Asks: 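Pasting a structure here, questions to come.
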Amino acid sequence: MAADLKTFTNALKNAMPQCIKNDEDAAEVITIVGSVITNALKNKDTAYLEGIGEWRSESDGGKKKVIFTPDRMLIDASNE
């Protein structure tokens, strides 16, 4: 089953109930994280999120492609 926005918002609310009290707050955090990653890629920079991984863009024959390199913690968690 794929994780959707509701899965992420629930996870944020459960992990940080003192800061994120409702779905709207959680969705805003997710939107901001996505924007940071997108802006980094647009600026030919990298975005790194500890425990998740790194995003960077590369040109391949005139086309841009996004490269994601998972963090060791994410790899280990997926193998549990």
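Position 1 is the first residue of the sequence, and the numbers go up from there. This is a predicted model, so every value here is computed, not measured.
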Asks: Are V36 and L5 connected in the hydrophobic side-chain network, where two residues link if heavy atoms are under 4.5 Å apart?
Replies: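 The answer is no; the residues belong to distinct hydrophobic clusters.
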
Asks: Could you state the interatomic distance from CG (D71) to CG (L49), rounded to the nearest 0.5 Å?
Replies: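 The distance works out to 9.0 Å.
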
Asks: In Å, rounded to the nearest 0.5 Å, how long is the span from OG of S57 to CG of N43?
Replies: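 Here the interatomic distance stands at 9.5 Å.
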
Asks: Is I75 reachable from W55 through a run of hydrophobic residues whose side-chain heavy atoms are each under 4.5 Å from the next?
Replies: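 Result: no, two separate clusters.
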
Asks: Between D45 (side chain) and L41 (backbone), is there a donor-acceptor pair under 3.5 Å?
Replies: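 Not a single qualifying donor-acceptor pair exists.
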
Asks: Mind listing the closest non-hydrogen atom pair of I67 and E58 along with its distance?
Replies: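 Looking at all heavy atoms of both residues, the closest pair is CG1-CD, 3.8 Å.
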
Asks: I need the minimum non-hydrogen distance between T46 and A40, along with the two atoms involved.
Replies: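 What the structure gives for the nearest pair is O-CB, 3.8 Å.
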
Asks: Any side-chain heavy atom of N10 within less than 4.5 Å of one from D23?
Replies: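 In short, these two side chains touch, coming nearer than 4.5 Å.
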
Asks: To the nearest 0.5 Å, how far apart are CD1 in I37 and CD1 in I52?
Replies: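 Result: 7.5 Å between the selected atoms.
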
Asks: Treating D4 as the side-chain partner and T7 as the backbone partner, does any N or O pair qualify as donor plus acceptor under 3.5 Å?
Replies: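 A pair under 3.5 Å: yes.
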
Asks: Rounded to the nearest 0.5 Å, how far apart are CD1 of I20 and CG of D25?
Replies: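 Answer rounded to 0.5 Å: 7.0 Å.
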
Asks: Nearest 0.5 Å, please: how far is CD in E24 from OG1 in T31?
Replies: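 Here the interatomic distance stands at 11.5 Å.
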
Asks: Looking at every heavy atom in both K42 and K64, which two are closest together, and how far apart are they?
Replies: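 Scanning both residues, the minimum pair turns out to be O-NZ, 4.2 Å.
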
Asks: Of all residues at least two apart in sequence or in a different chain, which pass the side-chain contact (heavy atoms from CB on, under 4.5 Å) check with K44?
Replies: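 side-chain contact (heavy atoms from CB on, under 4.5 Å) check on K44 returns nothing, list empty.
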
Asks: For the CD atom on E50, are there more than 12 heavy atoms of other groups (residues, nucleotides or ligands in this structure) within a distance under 6.0 Å?
Replies: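 Not more than 12 within 6.0 Å, no.
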
Asks: What is the distance from atom OG1 of T69 to atom OH of Y48, rounded to the nearest 0.5 Å?
Replies: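 Taking OG1 in T69 and OH in Y48, the distance rounds to 10.5 Å.
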
Asks: Could you pull out all residues at least two apart from E54 that satisfy salt bridge (charged side-chain N to carboxylate O under 4.0 Å, His left out)?
Replies: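 E54 satisfies salt bridge (charged side-chain N to carboxylate O under 4.0 Å, His left out) with R56 once adjacent residues are dropped.
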
